[in-house]
Amino acid sequence: MKNLSIFLFACLFATFALVSCGEKEDVTPTPTVSLYERLGGIAAISAVVDQFLANVVGDNVINARFAPTVADPFRTQLLRNNLIDQICAGAGGPCQYKGKTMLEAHTGMQITEAEFNALVGDLVAALNQFNVPQKEKDELLAILGPMKSDIVGQ
Ligand code: HEM
């Protein structure tokens, strides 16, 4: 009888241990894929930025702001590289943004909210042109959105 009790207790313990182990496996976190990777890496980000800049140049609400930049190939190249690095780094990619802070870059321009919205619209259009899914679009806009207060009205 004593042996049977020990045996039953051992079975109960073993069952509990197995169930516990199973529970632990269930809560193991799944690895997260960075926004950078989901966007398609540096090649896809560069293509989106090129389309974005083309949209900005064709946007009558804001293109006058960029006339001196477009007239100077070096300045255009610098802005392109800074935007690629900024998006890549913000999305968790292996880039380093080396440009000015958003406050430094836009101070003195007195950019309006309408102009800010127009530029964001040009970016969304570029993301749509490359069929970037809604989730990734939302995540990218959530990274850029908080920069608004350093850009508008400065
Ligand atoms: C989320 C919104 C925006 C982001 C992420 C952004 C980002 C940038 C970056 C990275 C630069 C380059 C900084 C550097 O030279 O070191 C820049 C410059 C500039 N931005 Fe913005 N910007 C935004 C909104 C705007 C808006 C709304 C306007 C005007 C309509 C604007 C006009 C300019 C101009 C004129 C320059 C100077 C370009 C040059 O150096 O030739 N930006 N911006």
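Order of appearance sets the numbers: ligands from 1, and atoms from 1 within every ligand. Only this structure's heavy atoms are used, side chains among them; waters, hydrogens and symmetry mates stay out.
The atoms of ligand 1 that sit less than 4.0 Å from any heavy atom of Ala105 are 13 (C). Residue-ligand proximity, Arg75 to ligand 1, at heavy-atom distances under 4.0 Å covers atoms 39 (C), 40 (O), 41 (O). In summary, the atoms of ligand 1 found under 4.0 Å from a heavy atom of Ile62, numbered by their order in the structure, are 30 (C). For ligand 1, the atoms lying closer than 4.0 Å to a non-hydrogen atom of Gly99 are 16 (O).
Residue nearest to atom 2 (C) of ligand 1, selected from Leu119, Asp122, Val152: Leu119 (by heavy-atom distance). Of the listed residues (Asp150, Val61, Ile151), the one carrying the non-hydrogen atom nearest atom 4 (C) of ligand 1 is Ile151.
At a heavy-atom cutoff of 4.0 Å, ligand 1 is contacted by no atom of Glu104, backbone or side chain. Under 4.0 angstrom from ligand 1, the non-hydrogen atoms of Lys100 come from both its backbone and its side chain.
Looking from atom 1 (C) of ligand 1 to the surrounding protein, the closest heavy atom is Phe116 CE1, 3.7 Å. In this structure, the protein non-hydrogen atom closest to atom 38 (C) of ligand 1 is Thr69 OG1, 3.5 Å. The protein heavy atom nearest to atom 32 (C) of ligand 1 is Phe66 CZ, 3.2 Å. Closest protein heavy atom to atom 14 (C) of ligand 1: Asn82 ND2, 3.5 Å. Closest protein heavy atom to atom 34 (C) of ligand 1: Met109 CE, 3.5 Å. The single protein non-hydrogen atom nearest to atom 9 (C) of ligand 1 is Met102 CE, 3.7 Å, given as residue, atom name and distance. Protein heavy atom nearest atom 43 (N) of ligand 1, with residue, atom name and distance: His106 NE2, 3.0 Å. The protein heavy-atom contact nearest to atom 12 (C) of ligand 1 is Leu79 CD1, 3.7 Å.
A heavy-atom distance below 4.5 Å is not found between the side chains of Ser149 and Met102. In this structure, the side chains of Leu123 and Asn55 stay at 4.5 Å or more apart for every pair of heavy atoms.
Looking at Thr76, its side chain does come within 3.5 Å of a backbone N or O of Thr69 through a donor-acceptor pair. One N or O on the side chain of Arg65 and one on the backbone of Met109 form a donor-acceptor pair closer than 3.5 Å. Arg80 places no side-chain N or O within 3.5 Å of a backbone atom of Val49 that could act as its donor or acceptor partner. No donor-acceptor distance shorter than 3.5 angstrom exists from the side chain of Asp85 to the backbone of Tyr97, with no hydrogens or angles considered. In this structure a side-chain-to-backbone donor-acceptor pair under 3.5 Å is present from Glu104 to Thr101.
Checked against a 3.5 angstrom limit, the closest N/O atoms of Arg65 and ligand 1 fall outside it. Annotation: Glu115 places no N or O atom under 3.5 Å from an N or O atom of ligand 1; distance criterion only.
Ile151 and Leu103 fall into different hydrophobic clusters, where Ile, Leu, Val, Met, Phe, Trp and Tyr residues are linked whenever their side-chain heavy atoms come under 4.5 Å apart, directly or through other members. Hydrophobic clustering keeps Leu78 apart from Ile84 (ILVMFWY residues linked when any side-chain heavy atoms are closer than 4.5 Å, directly or through intermediates).
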Item to complete: Please step through side chain to side chain donor-acceptor pair (under 3.5 Å) for the pair Lys137 and Asn128, ending with a clear verdict.
Response: CA-CA 9 Å; Lys137 270 190 294 195; Asn128 288 340; 2.5 Å; yes
Discussion item. Run Glu113 and Asn117 through side chain to side chain donor-acceptor pair (under 3.5 Å) and show every step you take.
Written reply: CA-CA 6 Å; Glu113 186 147 0; Asn117 291 340; 4.6 Å; no
